2 protein chains.
Amino acid sequence: MSTKEEKFNNYLRAKGLKFTPERKIILQEVFSLRKHFNADQLFEKLHKKNRQISRATVYRSLPLLVESGLIVETLRCQSKVSYEQIFGHKHHDHLVCIKCGRIIEFRNEKIEKLQEEVCKEHNFKAVEHRLGIRGYCSRCLSRANKKSS
Amino acid sequence: MSTKEEKFNNYLRAKGLKFTPERKIILQEVFSLRKHFNADQLFEKLHKKNRQISRATVYRSLPLLVESGLIVETLRCQSKVSYEQIFGHKHHDHLVCIKCGRIIEFRNEKIEKLQEEVCKEHNFKAVEHRLGIRGYCSRCLSRANKKSS
DNA sequence: CCTTTGTTGCGACTGTGTCTCAATTGCAAT
DNA sequence: ATTGCAATTGAGACACAGTCGCAACAAAGG
Ligand SMILES: [Mn+2]
Ligand SMILES: [Mn+2]
Ligand SMILES: [Zn+2]
Ligand SMILES: [Zn+2]
C-alpha cells in the first residue's frame with residue numbers, strides 16, 4: 001500500500017468495484033491539481049486536456065476517492081464542495097480570507113489534543129473534523145492600512 | 001440595545017432599510033424556532049401559521065439577520081445552509097453524529113484561546129470560525145455495542 | 001398630494017449535484 | 001476464445017437550494 005494507485009485499487013477491489021481507465025485518469029489529474037479544487041474545476045481541466053470523461057463520472061468518482069482515504073472534502077466555497085489531497089499530506093485546518101480568498105493552512109497539536117478531550121467528555125467517537133477561521137489575511141490588512149494612512 | 005427587535009431595527013435604520021411587518025414576523029419566528037434551522041424550514045413554519053410571506057422574502061431576510069448579529073450561519077447539512085440564534089446565546093462549536101444526526105454543542109475556552117494565537121502568528125484578523133467534529137454520538141455507540149454482544 | 005426609495009410576491013432562472021437508462025466494458029468462469 | 005454478468009460509462013433529464021427581474025405596493029418626507 002505505497003502508491004496512491006495501489007491504495008485506490010485496493011479500495012475498489014475490496015468493494016467489488018473496478019479500477020477503470022476513467023478512474024485512473026481522474027486519480028492522476030486530482031493529484032496533479034493544486035491542493036484545493038472542486039468537481040467542475042477537475043472536469044474542466046480534464047476537458048481541456050481532451051480526456052473525454054463525462055461530468056457524471058467525475059462527480060461519481062470523487063466520493064470514491066474520499067472513501068478510499070486519498071482525498072477529503074474540506075471547505076465549502078460559495079456553495080461548491082471543495083476537496084484536497086490527503087495522501088502524503090498531513091491533516092491541517094484553514095484560515096480563509098474573506099476578502100481575497102487566500103487559504104492559509106495551519107496545524108496546531110494542542111487544538112487537536114483538546115478536541116480529543118472534548119470528544120472523550122461526551123463519549124463521542126470522532127471520525128473527522130473541520131476547523132475554518134474566516135477573516136482578513138495579512139496582505140489584505142496591510143493594504144487596508146496603507147489606504148487609510 | 002436590549003431586545004432583539006431593537007437590535008434589528010437599529011441595524012436596518014443604519015443601512016437605510018425598513019423594519020417591515022414581514023421582517024418583524026420573520027424575526028419572531030426565527031427566535032421561536034428550535035436552535036438549528038434552515039430557510040425552508042422557516043418558510044414552512046410561517047406557511048403553516050398562515051403568515052403569507054414569500055419564499056424570496058424569507059431568503060432575503062436571513063442575510064439581514066446575520067448581518068445584524070442576531071443569527072449566524074452554522075453547519076451545512078446536506079447542502080442546505082443552517083442557521084442558529086446567537087442573540088442571548090454564547091458562541092460554541094458542534095459535535096455532529098453522522099448516524100442519527102444529533103448535534104451536541106460544546107464550548108472550550110482553551111481551543112478558543114489557541115485559535116487566537118494561531119491568528120496572531122499569521123497576522124490574520126479573525127471574524128468568525130466554525131469547528132465541527134463529525135463522528136458517532138454516545139447513544140449510537142452504545143446501541144452498536146448492544147447489537148454486537 | 002407627489003416623489004423617492006425600499007419592499008414584496010411571483011415566477012422564471014441559475015448552478016450544483018444526482019439520477020435514469022441504454023450501450024459498453026472488464027473480468028472471471030467456462 | 002467465448003460467454004455471462006455485474007459494474008461502468010456518457011448523455012441528458014432532473015431535483016432542488018438559492019437568486020433575480022419586475023411590476024405593484026408601502027413608507028416617509030416635502
Ligand atoms: Mn488545506
Ligand atoms: Mn449550535
Ligand atoms: Zn486576503
Ligand atoms: Zn447518534
Side-chain angles (χ1 to χ4, degrees), chain A residues 5 8-30 36-68 71-83, chain B residues 5 8-30 36-68 71-83:
Chain A
E5 283 81 6
F8 197 28
N9 194 9
N10 288 345
Y11 165 78
L12 292 170
R13 298 293 154 179
K15 296 205 67 167
L17 307 177
K18 293 163 189 170
F19 195 22
T20 64
E22 288 81 3
R23 287 173 183 166
K24 218 164 287 193
I25 291 168
I26 287 170
L27 175 63
Q28 290 310 322
E29 198 58 35
V30 159
H36 300 91
F37 66 94
N38 62 48
D40 279 322
Q41 279 169 3
L42 178 56
F43 173 66
E44 277 306 311
K45 200 85 176 284
L46 289 165
H47 197 74
K48 274 174 195 154
K49 287 191 178 177
N50 291 321
R51 322 306 305 242
Q52 293 300 21
I53 295 176
S54 76
R55 213 167 138 266
T57 299
V58 170
Y59 271 94
R60 281 189 285 235
S61 297
L62 288 169
L64 297 174
L65 286 165
V66 170
E67 270 292 301
S68 72
I71 66 173
V72 81
E73 194 180 300
T74 47
L75 324 152
R76 267 169 207 262
C77 298
Q78 60 248 354
S79 86
K80 268 169 256 174
V81 173
S82 180
Y83 297 90
Chain B
E5 284 79 9
F8 196 27
N9 193 10
N10 288 344
Y11 166 78
L12 293 170
R13 298 292 154 180
K15 297 206 66 167
L17 307 177
K18 292 166 188 168
F19 194 21
T20 64
E22 288 81 5
R23 287 174 183 163
K24 216 164 288 192
I25 290 168
I26 288 170
L27 175 63
Q28 289 309 322
E29 198 57 35
V30 159
H36 300 89
F37 66 93
N38 63 48
D40 279 321
Q41 280 170 1
L42 178 56
F43 174 67
E44 277 307 311
K45 200 85 177 284
L46 289 166
H47 196 75
K48 274 174 196 154
K49 288 193 178 178
N50 291 320
R51 322 307 305 241
Q52 295 299 22
I53 294 177
S54 77
R55 216 169 135 261
T57 299
V58 170
Y59 272 93
R60 281 188 285 234
S61 298
L62 288 169
L64 297 175
L65 284 165
V66 170
E67 270 292 303
S68 72
I71 67 174
V72 80
E73 196 179 300
T74 48
L75 323 152
R76 266 170 207 262
C77 296
Q78 60 245 352
S79 85
K80 269 170 256 175
V81 174
S82 181
Y83 298 89

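In what follows, chains are A, B, ... by sequence order, proteins preceding strands, each numbered from 1. Note that the structure is a prediction, hence the values are computed from the model and not measured.
Running 5' to 3' along DNA chain C, contacts with non-hydrogen atoms of chain B at under 4.0 Å begin and end at C:dT5 to C:dC10.
Here B:Tyr11 pairs with nothing under the ring pair (Phe, Tyr, Trp, His ring centres under 6.0 Å) rule; sequence neighbours left out. In terms of the side chain to side chain contact (heavy atoms under 4.5 Å, CB included) criterion, B:Ser79 has no residue partners (sequence neighbours excluded). Residues passing the side chain to side chain contact (heavy atoms under 4.5 Å, CB included) test with B:Ser82 are B:His36, B:Thr74, sequence neighbours excluded. Applying the side chain to side chain contact (heavy atoms under 4.5 Å, CB included) criterion to A:Thr20, with sequence neighbours excluded, gives A:Lys18, A:Glu22, A:Arg23. Residues that satisfy the ring pair (Phe, Tyr, Trp, His ring centres under 6.0 Å) test with A:Phe43, not counting sequence neighbours, are A:His47. Scanning for salt bridge (Lys or Arg N to Asp or Glu O under 4.0 Å) contacts around A:Glu5 gives an empty result, with sequence neighbours left out.
Only A:Glu22, A:Arg23, listed by number, bring a heavy atom of residues 22-30 of chain A to less than 4.0 angstrom from any atom of DNA chain D.
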N/O-N/O pairs, protein side and nucleotides 24-30 of chain D side, under 3.5 Å:
none

Might you list the N or O atoms of the protein lying below 3.5 Å from N or O atoms in nucleotides 17-20 of chain D, with each pair's distance?
unit_1: D:dG18; atom_1: OP1; unit_2: B:Val81; atom_2: N; d: 3.0
unit_1: D:dG18; atom_1: OP2; unit_2: B:Tyr59; atom_2: OH; d: 2.9
unit_1: D:dG18; atom_1: N7; unit_2: B:Arg55; atom_2: NH2; d: 2.8

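Residue pairs satisfying the salt bridge (charged side-chain N to carboxylate O under 4.0 Å, His left out) criterion with at least one member in residues 40-50 of chain A, sequence neighbours excluded, are listed as follows: A:Glu29-A:Lys45, A:Glu29-A:Lys49, A:Asp40-A:Arg55.
With the end axes of the helix from C:dC1-D:dG30 to C:dT30-D:dA1 each set by five pairs, the angle from one to the other reads 20° at 10° resolution.
Taking atom CG on A:Leu12 and atom C1' on D:dA6, their separation rounds to 15 Å, with Å as the unit.
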